[in-house]
Amino acid sequence: MSKEKTEYRFSVHAAPAVINQVIQNYLAANQYVQIPKPNANYYFFNDPWMKGKRSIEYYIRGTEVIVLAYMGTFEKPRGLEGFVGAVPKKSFRDDLEPLFVELHRIDMMGMPPQQGMPMQQGGPMQQGMPPQQGYIPPQNSANQFVEKSRKTRENWTIAGFVIGLVGLLLSFFGITYGAIIIVLEFWCGFQGLQTKKKGLAIATIVLAGISVLLLILSIVYTASHPVRSYRYY
C-alpha cells in the first residue's frame with residue numbers, strides 16, 4: 001500500500017455481501033464513480049469548486065475491511081494527513097465518518113454478546129456462535145448516507161442564499177462581490193437543485209445572476225468614469 005494513501009482497517013463481523021452493500025450505498029450517495037484499475041477496487045469523485053479530487057479504494061477479506069482514502073487520483077495520491085491542503089483533507093475525513101459509523105453499527109449487531117452483557121432484543125444469542133451471516137441491514141440504512149449527503153447540500157444552498165441576499169443589500173450601498181464569491185453563490189445554488197430546497201436553490205442562482213449583472217455594471221461604470229488626478233502648482 002502506498003504511504004500516500006491513508007489506510008483505515010476494521011474488523012466487521014457481518015457477511016461480506018452486507019459489508020459490500022453498505023460501502024456501495026455510501027459511494028452511490030456521495031456520487032463516486034468506479035474506474036477500472038489493475039488489481040484495484042477504485043472509486044473516484046471530483047468537485048472542482050469545493051471538495052477537489054477524492055479517491056477511495058476498499059477491500060473485504062472475510063471480516064477484515066480495508067479502506068484507502070486519499071486526495072488526488074489513483075496515479076497521484078495524497079494522503080489525508082499533513083498540513084498541506086489541511087482544509088479539504090479535514091473535509092474528506094469528516095465525510096468518511098458516516099461510513100465508519102455504519103460499519104461499526106453492523107459490526108456490533110453481528111457480534112455475539114460478551115459475558116455478562118444483556119441479550120439482544122428479540123431473543124438470546126448463544127455464546128460462541130459465529131456472527132449471523134444472514135443479517136440484512138434495515139432498509140433505512142441505505143438511505144442514511146443519502147440523507148446526510150442531501151442535508152449537506154441543503155445547508156450549502158441556505159448559505160448561498162444568505163450570501164446572495166447580503167450581496168443584494170450591499171449593492172444598494174455601491175458594494176459588489178468579487179468573482180470568487182459569485183462563483184461560490186452559483187455552486188451553492190446548484191447543490192440544492194436535487195433536494196427539498198429546490199425553490200431556495202433557484203432563488204440562490206437568480207441572486208447569483210443579479211450579482212454578475214451588478215459586477216458587470218460596476219466594471220463598466222468604473223471604466224467609463226476614470227479617476228482623474230490633478231496637479232496643483
Side-chain angles (χ1 to χ4, degrees), residues 1-107 110 137 141-157 160 180 183-184 186-195:
M1 304 296 179
S2 171
K3 64 180 181 180
E4 296 299 329
K5 300 178 181 180
T6 299
E7 179 181 300
Y8 300 93
R9 190 180 294 262
F10 307 91
S11 179
V12 181
H13 294 78
V18 173
I19 299 171
N20 184 70
Q21 188 59 57
V22 166
I23 299 176
Q24 285 294 318
N25 289 341
Y26 173 85
L27 294 171
N30 289 276
Q31 301 176 336
Y32 282 84
V33 177
Q34 186 173 22
I35 299 179
K37 296 292 180 182
N39 303 316
N41 187 28
Y42 174 65
Y43 295 80
F44 180 70
F45 168 82
N46 184 27
D47 178 359
W49 299 110
M50 298 295 294
K51 297 182 178 181
K53 297 178 180 179
R54 295 180 173 185
S55 295
I56 290 178
E57 299 173 45
Y58 77 92
Y59 306 94
I60 303 171
R61 300 167 181 170
T63 59
E64 182 183 48
V65 179
I66 300 173
V67 177
L68 302 178
Y70 47 94
M71 304 297 297
T73 62
F74 183 82
E75 291 76 15
K76 296 182 178 179
R78 302 192 308 275
L80 304 186
E81 307 300 332
F83 180 76
V84 178
V87 174
K89 290 177 181 179
K90 173 65 165 55
S91 174
F92 195 175
R93 293 197 301 269
D94 290 344
D95 288 347
L96 285 169
E97 184 178 355
L99 172 60
F100 299 157
V101 168
E102 183 68 2
L103 289 175
H104 176 69
R105 187 183 72 82
I106 66 171
D107 175 56
S141 68
N143 296 328
Q144 184 176 1
F145 304 122
V146 176
E147 287 301 322
K148 183 179 185 301
S149 177
R150 183 177 300 153
K151 185 65 176 178
T152 299
R153 295 198 300 271
E154 290 177 352
N155 289 339
W156 276 114
T157 300
I180 295 178
V183 169
L184 177 62
F186 275 113
W187 183 87
C188 290
F190 286 121
Q191 289 298 301
L193 289 178
Q194 302 299 322
T195 70

Run the numbers on Val12 and Val18 for side-chain contact (heavy atoms from CB on, under 4.5 Å), then give the verdict. CA-CA 10 Å; Val12 181; Val18 173; over 6 Å; no
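- Put simply, the side chain of Ile60 does not reach to within 4.5 Å of the side chain of Asn41, judged on heavy atoms.
- Residue Arg61 comes nearest to Ile66 through the heavy atom pair NH1-CD1, 3.5 Å, listed as atom of the first residue, atom of the second, then distance.
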Considering only distance and modelled atom types, tabulate donor-acceptor pairs under 3.5 Å from the side chains of residues 69-84, sequence neighbours left out.
| residue | atom | partner | partner atom | Å |
| --- | --- | --- | --- | --- |
| Tyr70 | OH | Glu57 | OE2 | 2.7 |
| Thr73 | OG1 | Lys76 | N | 3.2 |
| Glu75 | OE2 | Lys37 | NZ | 2.5 |

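- For Thr157, the side-chain hydrogen bond (donor to acceptor under 3.5 Å, both in side chains) test picks out no residue, with sequence neighbours left out.
- With sequence neighbours excluded, the residues satisfying ring-ring contact (aromatic ring centres under 6.0 Å, His included) with Tyr58 are Tyr43.
- Considering only residues two or more places apart in sequence or on other chains, Asp47 meets the side-chain contact (heavy atoms from CB on, under 4.5 Å) condition with Phe45, Trp49, Met50, Lys51, Trp187.
- Between the Asn25 side chain and the Gln21 main chain, a donor and an acceptor come within less than 3.5 Å of each other.
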Check the pair Ile23, Glu102 against side-chain contact (heavy atoms from CB on, under 4.5 Å), reporting the backbone distance first and the verdict last. CA-CA 9 Å; Ile23 299 176; Glu102 183 68 2; over 6 Å; no
Can Val67 and Thr6 be said to form a side-chain contact (heavy atoms from CB on, under 4.5 Å), step by step? CA-CA 8 Å; Val67 177; Thr6 299; over 6 Å; no
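- Between Asn46 and Lys53 the shortest heavy-atom distance is OD1-CG, 3.2 Å.
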Leu68 vs Tyr59, test: side-chain contact (heavy atoms from CB on, under 4.5 Å). Steps then yes/no. CA-CA 9 Å; Leu68 302 178; Tyr59 306 94; 4.2 Å; yes
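- Judged as a side-chain contact (heavy atoms from CB on, under 4.5 Å), and not counting sequence neighbours, the contacts of Phe186 are Ile182, Phe190, Ile205, Ala208, Val212.
- A salt bridge (Lys or Arg N to Asp or Glu O under 4.0 Å) check over residues 21-33, counting only residues at least two apart or in different chains, returns nothing.
- The salt bridge (Lys or Arg N to Asp or Glu O under 4.0 Å) analysis of residues 14-23, with sequence neighbours excluded, yields no pairs.
- Side-chain atoms of Asn30 come within 3.5 Å of backbone atoms of Tyr26 as a donor-acceptor pair (strictly under, hydrogens ignored).
- With sequence neighbours excluded, the residues forming a ring-ring contact (aromatic ring centres under 6.0 Å, His included) with Phe10 are Phe100, listed by chain and number.
- Of all the heavy atoms in Ala14 and Ile19, the pair that sits closest is O-CD1, 3.6 Å.
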